[in-house]
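Every heavy atom of this structure was used, including side-chain atoms; hydrogens, water molecules and symmetry mates were not. So that the names make sense, note that chain A is the first sequence line, chain B the second, and so on, each numbered from 1.
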Amino acid sequence: MSLIQPRTLKGFRDYLPEAMMPREWIIDTARRVYRSYGFKPIDTPALEYLEILTGKGSDETDKQLYRFEDHGGRMVGMRFDLTVPLARFVAQHQQELGLPFKRYHVATVWRGENTQAGRYREFMQCDFDTIGVTELTADIEMVLVLSDLFTQLGIDKLTIRVNHRAVLNGMLEKLGLADRSAAVLRALDKFSKIKEQGVVEELQRTAQATASQSEQLLALAILEGTNDQILSKLGELVRGNATGECGVAELSDLNQAALAAGVPASRLKLDPSIARGLDYYTGIVVETQLEELPDFGSVASGGRYDNLASLYTNQMLPGVGAALGLDRLLGALEKLGRLPNVQSPAPVFLCMFDPKHRNDYLKLAAQLRAVGLGVEVYPEPKKLGKQLQYADKQGFRAALIIGDAEFTAGQCQVKDLQTANSTNVPYDGADAAAIAAELRRLLAE
RNA sequence: GUGGCUGUAGCUCAAUUGGCAGAGCGCCAGAUUGUGAUUCUGGAGGUCGUGGGUUCGAUCCCCAUCAGCCACCCCA
């Protein structure tokens, strides 16, 4: 009989333990940070009625949508982000939820687009949003959460780029290009990639902008300097246009607030060229960029939308939030060689030194687990060197060694696997407190 | 979705102008019945991405297909 070839679909991946360990670490970190700001967990189905998903978004997301007819003849689609399901969720449950509603959502999404490094067809997002708040406080908090999150992830070389849609829209109104905003924003958004010349060409080609209009739009995108300098120049560019002036004022406010709340000045960068593709953003927009991999793409982004759920309810439900792209961040960290090679979820390794003491080892492991220490007992009485080699490769922090000599002396050898130093601790089989104390001291380092 | 490049051992890569498939690293075992390294010895591991065609014979040539990477597009 012929075997079926084991394989996975394009853009879909298996996750081995060495990949899952850092994955879960990032997810745990994101959850912890989100919760510390009062965001609450929710979940929604992977499948939605097709009209829920196709109503919003652009032609592009419609194209990427996984869709099919289910067993009951319903047309269904797999969610391609967590924001559209959130809109439906809030519209459906607004009576129970109350406002403001702050939620986080860590889940898998699917997009049938072409793959590339850090771009997959099945990937995970870690979203957080505040619904029902128009005050800038929520926008400021979004920036604080992002900053906190990356700090907790040990990533310092980070740029959070911030812009305001109203600044762009004000400029477009002033130039009489408001009806072509999508094409214009797309062109501006590419500024970092195709530079001045490319943007001008694209503006004239896709948005039919005149040379003069292009020049003025470009003036917006190429602004450089400190945030204060950029704000003052932006103010000049949009002067006389209420929309634009309002946007600049909010950007200024957010900038000061974030700095006051402790976001490092080097992290926050006003960037008039970022627009974000999604149509539903209406206010502040943010993107984050790893300084060491500027071309890798945004690892987290978001913004404000003032009418997200308008398709599903007449109630005005403004919101602001962002998504951490888990798989893209992991891809970036891997490229930078910054993923720790720890495969063991338990920090303590107990050697099977002598098989006749097996029950003693299992008992000691149980005693340590009872006080909250993760312990793996090696299952075979292999040579000690082999066991230690395994423990080292798996990333254990400490090894416990007890042979006849130790049992006779009433001791247990606690070995630090990072420094190779050993300490002998009293152990008589009845009480593992001394071992636990030594292990805790070691793990705290 | 469009275009380009790539696919040989777990990993990084050779070779065969169409004639038995190779190395380094890693893995397993021993030297070494109480300590992660080094060294030495031995060993396991390959449908040459998959399917078809041409041929006496295909890993090599042709076609298709799958997957990965890059660009466009878009975005996490």
Side-chain angles (χ1 to χ4, degrees), chain A residues 2-13 16 18 26 30 57-65 80-83 106-127 146 182 185-187 189-190 193-194 198 202 206 274-279 281 285-290 295-302 322-332 335 349 351-355 378 380-396 398-407 413-422:
Chain A
S2 68
L3 295 171
I4 297 166
Q5 187 183 7
R7 53 183 189 155
T8 46
L9 283 166
K10 179 185 178 74
F12 289 70
R13 300 161 298 153
L16 275 59
E18 65 206 56
I26 292 177
S58 53
D59 294 346
E60 193 61 37
T61 49
D62 279 4
K63 256 190 260 168
Q64 298 177 354
L65 193 66
F80 60 89
D81 73 2
L82 300 179
T83 306
V106 177
T108 309
V109 301
W110 297 269
R111 292 183 197 175
E113 66 175 334
N114 231 334
T115 56
Q116 225 160 74
R119 298 177 61 163
Y120 309 99
R121 291 186 167 177
E122 177 180 66
F123 59 97
M124 198 167 247
Q125 292 192 328
C126 310
D127 277 40
L146 285 172
L185 295 182
R186 241 198 304 280
D189 207 34
K190 288 185 201 164
K193 204 175 255 184
I194 60 178
E202 176 133 348
T206 65
I274 72 159
R276 308 275 318 124
L278 291 175
D279 307 326
Y281 289 117
V285 288
V286 302
E287 278 188 9
T288 58
Q289 193 179 48
L290 301 180
D295 298 327
F296 196 75
S298 177
V299 292
S301 56
L324 169 70
L326 176 66
D327 293 278
R328 181 163 288 186
L329 177 62
L330 278 166
K335 227 171 191 174
F349 181 81
C351 295
M352 178 65 69
F353 195 100
D354 183 342
Y378 198 75
E380 299 175 292
K382 281 196 191 172
K383 284 194 301 188
L384 196 55
K386 293 289 179 195
Q387 296 193 35
L388 289 171
Q389 197 175 56
Y390 168 85
D392 187 42
K393 265 180 198 144
Q394 296 292 313
F396 284 94
L400 301 180
I401 302 169
I402 323 181
D404 277 333
E406 282 79 8
F407 275 114
Q413 186 186 142
V414 179
K415 188 179 178 83
D416 182 337
L417 287 168
Q418 282 176 17
T419 64
N421 294 328
S422 289

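Of the listed nucleotides (rG68(B), rG34(B), rA76(B)), rA76(B) has the atom at the smallest distance from the side chain of R328(A). Of the candidate nucleotides rG68(B), rA76(B), rA71(B), rA71(B) has the atom lying nearest to any side-chain atom of Q116(A). Out of rU35(B), rA71(B), rA76(B), the shortest distance to the side chain of R119(A) is found at rA76(B). Side-chain atoms of R111(A) lie closest to rA76(B) of the nucleotides rC74(B), rA76(B), rG34(B).
Base engagement by D416(A) is indicated by at least one non-hydrogen atom pair under 4.0 Å involving a base atom. Within the nucleic acid shown, L326(A) has no heavy atom closer than 4.0 Å to any nucleic acid atom. When heavy atoms are screened at a 4.0 angstrom cut-off, L417(A) is found touching base atoms of the nucleic acid. Within 4.0 Å (heavy atoms only), N114(A) reaches at least one base atom of the nucleic acid. The residue G118(A) sits close to a base: some heavy atom pair falls under 4.0 Å. Nucleic acid contact class of Y120(A) (heavy atoms, under 4.0 Å, all strands): base. In this structure, G331(A) reaches neither bases nor backbone, as no heavy-atom distance under 4.0 Å exists between it and the strands shown. No contact: E122(A) has no heavy atom under 4.0 Å from any strand. Contacts of A405(A) with the nucleic acid, taken as non-hydrogen atoms under 4.0 Å apart, include base atoms. A420(A) comes within 4.0 angstrom of a base, heavy atoms only.
For E18(A) and rG10(B), the CD to P distance is 15 Å, given to the nearest whole Å. Look at CG on N421(A): it is 17 Å from P on rA37(B), rounded to the nearest Å. Protein atom CG of L9(A) is 17 Å distant from nucleotide atom P of rU65(B), rounded to whole Å. Atoms CZ (F123(A)) and C1' (rA76(B)) sit 5 Å apart, rounded to a whole Å. Atom pair I274(A):CD1 and rA76(B):C1' shows a separation of 14 Å (rounding to whole Å applied). Taking atom CZ on F407(A) and atom C1' on rG34(B), their separation rounds to 14 Å, with Å as the unit. As a whole-Å value, the separation of R121(A) CZ from rA76(B) P is 17 Å. Rounded to whole Å, the distance from CD on E113(A) to P on rU2(B) is 14 Å.
Using a 4.5 Å heavy-atom threshold, the side chains of N114(A) and R119(A) count as separate. By the 4.5 Å heavy-atom criterion applied to side chains, L326(A) and F123(A) are not counted as neighbours. Contact annotation: the side chain of F80(A) never approaches that of Q64(A) to less than 4.5 Å [non-hydrogen atoms, C-beta and beyond]. Using a 4.5 Å heavy-atom cutoff, the side chains of L82(A) and V106(A) are not in contact. Using a 4.5 Å heavy-atom cutoff, the side chains of R111(A) and D81(A) are in contact. Residues I402(A) and F353(A) fail the side-chain proximity criterion, which asks for heavy atoms closer than 4.5 Å.
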Could I get a table of every N or O pair under 3.5 Å where one atom is in the protein and the other is in nucleotides 28-32 of chain B?
residue	atom	partner	partner atom	Å
rA29(B)	OP1	K382(A)	NZ	3.3

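To the nearest 0.5 Å, atoms OG1 (T83(A)) and CG (D127(A)) are separated by 5.0 Å. Here F396(A) contributes atom CZ and K415(A) contributes atom NZ; the two are 15.0 Å apart, rounded to the nearest 0.5 Å.
Side-chain N/O atoms of Q387(A) and base N/O atoms of rU35(B) include no donor-acceptor pair closer than 3.5 Å.
Once the 5.5 Å centre distance and the 30° plane angle are applied, the aromatic ring of F353(A) is found not to be stacked with the base of rG34(B).
Residue order along RNA chain B, read from the 5' end via each residue's closest nucleotide, puts Q418(A) first among Q418(A) and F12(A). Looking at which nucleotide of RNA chain B each of V299(A) and Q413(A) is closest to, the 5′-most match is held by Q413(A).
Side-chain atoms of D327(A) come within 3.5 Å of backbone atoms of M124(A) as a donor-acceptor pair (strictly under, hydrogens ignored). Although no hydrogens or angles enter the test, the distance criterion places a donor-acceptor pair under 3.5 Å between the side chain of Q387(A) and the main chain of K382(A). Panel note: side chain T288(A), backbone A300(A); a donor-acceptor pair is recorded below 3.5 Å.
Using P as the reference atom, rA15(B) and rG51(B) are 25 Å apart when rounded to the nearest Å. One P atom belongs to rG53(B), the other to rU12(B), and the distance between them is 32 Å to the nearest Å. Going from the C1' atom of rG68(B) to that of rG49(B) covers 11 Å, rounded to whole Å. Atom name C1', nucleotides rC61(B) and rG3(B): the rounded distance is 25 Å, in whole Å. Between rC69(B) and rC62(B), the two P atoms lie 25 Å apart (nearest whole Å). One P atom belongs to rU16(B), the other to rC28(B), and the distance between them is 34 Å to the nearest Å. Across rU65(B) and rG45(B), the matching P atoms stand 35 Å from one another, rounded to whole Å. Using C1' as the reference atom, rU50(B) and rU59(B) are 13 Å apart when rounded to the nearest Å.
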Pairing string of RNA chain B (Watson-Crick or G-U wobble, both atom distances under 3.5 Å; | = paired to other strand) is (((((((..((((.....[..)))).(((((.......))))).....(((((..]....))))))))))))....
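Across every non-hydrogen atom of Y281(A) and V285(A), the tightest pair is CB-CG1, 3.8 Å. The shortest non-hydrogen separation linking G11(A) to T115(A) is CA-CG2, 3.5 Å.
Distances shown here put every side-chain N or O of S298(A) at or beyond 4.0 Å from the OP1 or OP2 atom of rA76(B). Between T115(A) and the phosphate of rG68(B), there is a side-chain N or O to OP1/OP2 separation shorter than 4.0 Å.
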